[in-house]
Amino acid sequence: VNSSRLGRNGAARACAVTVGVSGIVAQTALLREILAQFSGNELYVGLIIALWIAAEALGALLAGRCAVIRRSPAASFINFTLVFSLTFPLCIFLTRSCKVIAALPPDQAATLPQVITIAAALLFPPAMAHGAQFVAATALFATLGGEPQAAAGRVYSLDTLGTIAGGGLASFVLIPWCTPFQSAALLLFGGGAVSLCLRWAPTADGRRISFGLPLILLLVGMLLLLYGGRLERLSLALQWQGKELLYSGNSPYQNIVVIHNQQQHTVYTDGRPLFTFPDADIEAAELFVHLPLLAHPAPQRVLLLGGGAGGLLTEILRYGSIRRVDYLELDPALTETIGRFADAASRQALADPRVKIHYRDVREFVRSSSDRYDVILIGMPLPDNLQENRCFSVEFLRRLATLLSGKGVVALLAPGSTAYYGPEMKRITESLLATFNAAFAHTLTVPGEQNLFLAANGFDPAELTAAEFAGRLAARGVRPRLISREHLGWLFDPTQLAWFHDNIGAGGVVNRDLEPYLLARQIFQTTATFSPELKPLLERLGKLTVTSLLPGVALLALVMAVVVRFRPKAALPYLIATSGCSAMILELALMLLFQLVHGTMIQTVGLLIALFMAGLWCGSMLTTAARDAARDFRWLAAGEAGFMLLCAALFLLFSASGFTTALSAAAAFALILPLLLLSGFLTGLQFPPAVRLFGGESSSGASSRAASFIYAFDLGGGCLGGFGGGLLLLPLLGFRATLLLLLLLKGGSFLVLHISAIGGRMKR
Amino acid sequence: MISRRTFMKTVCLTALALPAGARALAAGVAERREALWYQRLDDGTGRVRCALCPRRCTIAAGGSGFCRARKNVAGTLTSLGYGLPCSLNVDPIEKKPFFNFYPTTRSFSLACAGCNLRCRFCQNWEISQLSPLESRNYLTPVAQIPTLATAQGCRSVAFTYTEPTTYFEYMLDTARAARAKGVLAVTHSNGFINPEPQAELCRHLDAANIDLKGFSEKFYSSVCEGELAPVLAALQNYRKRGVWLEVTNLVIPGYNDSPAMIREMCGWIRQNLGEQTPLHFSRFFPLYKMTAVPPTPVKTLEMARETALQAGLHYPYIGNLPGHPGNSTYCPKCRKMVIRRSGFSVLETRLKGDRCSFCSRRIDGAGFMIGGMKI
């Protein structure tokens, strides 16, 4: 009896871990595919994760109401595993072919509503099945005897462990080395193996599981392994309709594709064209390189932050005075691909002995460098996410200024216009100008279809005339294709400058590390471009302030305070949802803070998420065993107090001026990592007691229903936090205001919890 | 307790679930100018039918046309952009692009918001896909424009950036006023206009650059929400009425770049508009909604230019590719370079007046004598 009990336990544990692993593997793979198909930005990442979590929550809710799951949990688990494992590869295929199916043009941006509809249709089947798997695993644990109430907590923590492991597996093994169909085959094998274990582990009702379904899982996995290559080629051909695909692959950072057309190679990253060989965007490259190099009397050392392969390096190396170019690129796979597919001149430039390529995070490089540069070119596109915004903040630019030599100059090329500035473009350009002005003594804007910002501390670039630029060009013997005496005359034409300053005022909002205004406007601009029907909504969202949100949060608490007088249990989903939401935002804020200080590589992001999840696991393990309702209440209250203290502490920390640049890397480790662990811990701590209090002292059936219900709220809150917090609150309101909002949110739920007095009532 | 349905809805829609409120419009101090070219429908509904462009929108009282620039105000069609340009700037005329018309001169460029097409590659979508009621505008009466233009050293006024047809009345009055002061009037348009208003416009216009966006009805309907036939008719009318005409074709890989289509287009231009018609093949870069289309390969542009030369066109150009030999003008007779350009800058000329300095063949176009050219 003991050994079979042990077998059952082991099999159930394996099931719970598999749920975690397969969920994160499928989620990351589908996220990549949808991003590449729709040329998505951070908004899409948030959206996709939100949809996935919402579908999981729905799946868990529906499964929680299913009596059959409680009767035969093992068979149900295998059924859901089958549905999940089969829909996942199908979804990969459908994602790649969805534009053909929906008759959308292959290389044009879809509107946001179109993307939401398609992504929801694609994600819901596997994600719902995955949510149901969680419930079935809980039921499986509940049938093992012992304490039914503890089952949810145990599955929760094992699932978390699986997610940590799966995250590592996906980032470092599956994505760089396997096609998504091979990953799907792996999940099928995993599901099949776990199902077979369940076959051998006797169930509570004594009935054995048939061999059929596990064998189907293994068989389909085998077929996918055999024919995955063909599926990969077929699906890619459908995705890149009519284009000649030379290369497609994934690095830990992005999806990279190379297209051939009429002796031209175009490198795409995440579905967007990045570099074209042999003829780059000459106008942009020449403007961006020659003006800054001409602004310096004799440039020798150049720091190039990204974008080098797009013709920039070749232009820089035309100057005989150049001794060294430090070129930063995060992704080695990108330069490797460029090395394979670029024209001879670009390859030569990459291999030039004066060029040193650093595969490092820009911010981290700039923080640790003590070199001096004559020209620094910020070659990255304007920020699409918080991580990129770190390289456009006033704190970063100030640090950059310390790397300049006496007559050194920093340059940035950003989208502009010679006809009209729409409201968002105006805000973005004004913010850039204000940020440069705040970081440098002198900033010159050369306006055009693209605006060139030239900033310096040692001299005023605005004192240079078109004639001086032209004179230096002639003296240095460089003959660009576009930049000439005549063209310079137009660039510096007084009417152009007057027009620009007539449109772009000096009162822009400075972009900061912890108040990433530029990012918020960029996200709004992109969304409004592709979905103009959302413009009025975006205008309203853009006006959100902390004072306009605080009454809403307070009102919610007030309403809940009234509701719990009649239905005390309502406090629990409210509490768990607000905790899920707060934890997600805190996790984001802490991760970003860590990146700000320490600089990031994808490995550290993995480490941070793992740390948060580890905290979650510890928290849930701690409270899984407790059983007394009064004690459960105290756990919940402690969690609430912990959240409030954490928010308050971070608020104070973020208020210390200049600390994002002052903090050393070691201090970042010492300070932020424990805080991340803590925020995970607080989230994990609350889940098991909430489930127990919600389910009451009842059967295992009620317990698994309660688990699924509370789990759905946990996910829903997390999804709101990830999407609303990451996209709206942190960028738009800034970190401090967001923390203030969270403090009030958790303060409200803390009060509501006490008003409900739920632990005490249960006891009576 | 929050109902489960509400909860799910919140989760799914998150930020998008917020109610969309009334849009605050930046209402300009519009001069209520009655539109030309429309009829009132005598069915008691107060509707009108616009006759300006081939869409012939029927517009209900209070409604606007497809172009967003013409509104039915109580049974009277109003031209919303009149006197309210959203763009006013000075450009080199080569930027329009005009390469055979008053080269190296400055052009006073203006636009009012609105367009009667919906090209997914629009360069100026920020204003073309907007109503003059929504854009930030400069209140600029017609009479001011020639004065402003001459003060800025401009030889011409250009109606550009958006679709000038949508602010037809303002364009017409401005062109008339400009010419009265000796300033030329030029337009860059999509040519999607009806013959009758076009005839009226031609009387006051010196030059037109018309986009021939692709040479198939399918391209026009699927990428621009327009039609090809009316554009071809407009091109022929410009030619017939003696307005100097240049044609621009933006070559988009995979959409309008097939050799057969380009050959057919060049043949049609040669036959219907004449060999002297400059044809600008412009390089495409990912833009607006066409974000994943790669830039046009240079080989494609060179093939297109070669095709045009073979079809007998004298002045095919390659644009948006600075430094390419296709930026320059060549003598149709001796094939020698007579105007060397990079981008829109003229770097060198080999002309004697309006003639090739090598073989004395006249270079088609106008205004080669002025503008401080080195002759």
Side-chain angles (χ1 to χ4, degrees), chain A residues 39 50-51 53-54 57-58 61 105-109 120 242-243 259 261-264 266 268 271-273 276 279 281-283 286 417-420 422 425 481-482 484 486-487 490 493 495-496 499 529-530 532 535-537 539-541 563 567 570 573-574 713 716 719-720 723-724 727-728, chain B residues 1-2 4 7-8 10-12 14-16 18 20-24 86-92 106 109 111 113 120 124-127 129-130 135-136 152 160-161 222-223 253-254 285-286 288-295 297-300 303 320-324 342-347:
Chain A
S39 314
L51 281 171
I53 295 178
L58 184 66
L61 265 178
D107 34 23
Q108 299 180 23
K243 293 193 178 65
I259 295 287
N261 181 10
Q262 294 271 348
Q263 301 175 30
Q264 175 179 279
T266 304
Y268 285 72
R272 279 185 282 196
T276 290
D279 302 282
D281 185 347
I282 294 160
E283 188 169 350
E286 289 199 352
S417 176
T418 52
Y420 184 80
M425 269 291 280
R481 280 164 288 188
L482 175 69
S484 58
E486 291 76 8
H487 192 80
W490 264 112
D493 191 284
T495 55
Q496 301 296 316
W499 184 85
T529 307
F530 301 141
K535 259 195 213 167
L537 173 66
E539 270 301 312
R540 282 169 67 92
L541 286 177
V563 170
R567 300 276 296 270
Y574 169 56
F713 274 84
C719 144
L720 252 176
F723 195 45
L727 279 170
L728 211 60
Chain B
M1 182 191 256
I2 314 169
R4 288 176 193 195
F7 160 68
M8 289 321 302
T10 319
V11 169
C12 296
T14 53
L16 305 174
L18 295 177
R23 176 165 36 183
C86 58
S87 305
L88 283 180
N89 207 345
V90 175
D91 285 331
R106 295 156 75 93
S109 307
R120 300 180 70 83
N124 285 313
W125 60 271
E126 290 252 35
I127 36 178
Q129 304 304 314
L130 214 62
S135 53
R136 275 179 295 118
Q152 303 275 12
T160 177
Y161 306 134
S222 64
V223 183
F285 284 99
Y288 190 31
K289 296 189 175 176
M290 286 196 157
T291 46
V293 182
V298 173
K299 287 275 171 276
T300 307
M303 173 276 291
N320 251 357
L321 184 67
H324 191 277
S342 178
F344 50 76
S345 299
V346 172
L347 304 175

Asker: Side chain, backbone, both or neither: which part of B:Phe344 has a non-hydrogen atom closer than 4.5 Å to chain A?
Answerer: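 Side chain only.
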Asker: How long is the span from the CG atom in A:Asn261 to the OG1 atom in B:Thr300, to the nearest 0.5 Å?
Answerer: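 Here the rounded value is 5.5 Å.
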Asker: Answer yes or no: is there a side-chain heavy-atom contact under 4.5 Å between A:Trp499 and B:Val90?
Answerer: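 No, too far: nothing below the 4.5 Å cut-off.
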Asker: Which atoms form the tightest heavy-atom contact between B:Val346 and A:Glu486, and what is the distance?
Answerer: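 Closest pair (atom of B:Val346, atom of A:Glu486, distance): O-CG, 3.4 Å.
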Asker: Measuring only between side-chain heavy atoms, which start at C-beta, is A:Gln262 closer than 4.5 Å to B:Val298?
Answerer: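 Side chain of A:Gln262 against side chain of B:Val298, heavy atoms only: no contact under 4.5 Å found.
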Asker: Under a 3.5 Å distance rule, please check whether B:Glu126 uses its side chain to pair with a backbone N or O of A:Ser417 as donor and acceptor.
Answerer: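 Answer holds: no.
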Asker: Mind listing the closest non-hydrogen atom pair of A:Arg481 and B:Pro322 along with its distance?
Answerer: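 Heavy atoms of A:Arg481 and B:Pro322 come nearest at CB-O, 3.8 Å.
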Asker: What residues form a side-chain contact (heavy atoms from CB on, under 4.5 Å) with A:Pro273, not counting sequence neighbours?
Answerer: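 A:Pro273 satisfies side-chain contact (heavy atoms from CB on, under 4.5 Å) with A:Thr266, A:Tyr268, B:Pro286 only.
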Asker: With a 4.5 angstrom heavy-atom cut-off, could you sort out which part of B:Leu88 is near chain A: side chain, backbone, both or neither?
Answerer: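 The backbone, not the side chain.
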Asker: Quick one: do B:Lys299 and A:Asp279 satisfy side-chain contact (heavy atoms from CB on, under 4.5 Å)? Show the steps, please.
Answerer: CA-CA 10 Å; B:Lys299 287 275 171 276; A:Asp279 302 282; over 6 Å; no
Asker: What option among B:Gly254, B:Ser87, B:Pro92, B:Cys86 has the most heavy-atom pairs under 4.5 Å with chain A?
Answerer: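 Sorted descending by pairs with chain A, the first entry is B:Pro92.
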Asker: May I ask you to name which of A:Met425, A:Gln496, A:Glu539 has the most heavy-atom pairs under 4.5 Å with chain B?
Answerer: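 Going by pairs under 4.5 Å, I would pick A:Gln496.
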Asker: Applying side-chain contact (heavy atoms from CB on, under 4.5 Å) to A:Asp493 and B:Arg106, what does each step give before you reach the verdict?
Answerer: CA-CA 11 Å; A:Asp493 191 284; B:Arg106 295 156 75 93; 2.8 Å; yes
Asker: Relative to chain B, which of A:Arg272, A:Lys243, A:Gln264 shows the most heavy atom pairs under 4.5 Å?
Answerer: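 The residue among A:Arg272, A:Lys243, A:Gln264 with the greatest pair count is A:Gln264.
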Asker: If you look at every heavy atom in B:Lys289 and A:Thr529, which pair is closest and at what distance?
Answerer: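 That closest heavy-atom pairing would be CE-O, 3.8 Å.
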Asker: Residues two or more places apart in sequence or in another chain: which of them pass side-chain hydrogen bond (donor to acceptor under 3.5 Å, both in side chains) with B:Asn124?
Answerer: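 So B:Asn124 forms no side-chain hydrogen bond (donor to acceptor under 3.5 Å, both in side chains) with any residue.
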Asker: Does B:Val293 offer a backbone N or O that forms a donor-acceptor pair with the side chain of A:Gln108 under 3.5 Å?
Answerer: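 Checked: no pair found.
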Asker: For A:Thr276, which atoms come within 4.5 Å of any heavy atom of chain B: side chain, backbone, both, or neither?
Answerer: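 Just its side chain gets close to chain B.
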Asker: Is A:Asp281 in contact with chain B via its backbone, its side chain, both, or neither, using a 4.5 Å heavy-atom distance?
Answerer: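 Both the backbone and the side chain of A:Asp281 come within 4.5 Å of chain B.
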Asker: Any side-chain heavy atom of B:Leu347 sitting closer than 4.5 Å to one from A:Ser484?
Answerer: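 Yes. Closest side-chain heavy atoms under 4.5 Å.
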Asker: If every non-hydrogen atom of B:Arg136 is compared with every non-hydrogen atom of A:Tyr420, which pair is closest and at what distance?
Answerer: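 Minimum heavy-atom contact is N-OH, 2.8 Å.
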Asker: Give the minimum heavy-atom separation between A:Thr495 and B:Asn89, together with the two atoms involved.
Answerer: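 Closest approach of A:Thr495 to B:Asn89: O-OD1, 4.3 Å.
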Asker: Between A:Ala109 and B:Arg120, what is the shortest heavy-atom contact and its length?
Answerer: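 Nearest heavy atoms, A:Ala109 then B:Arg120: O-NH2, 3.4 Å.
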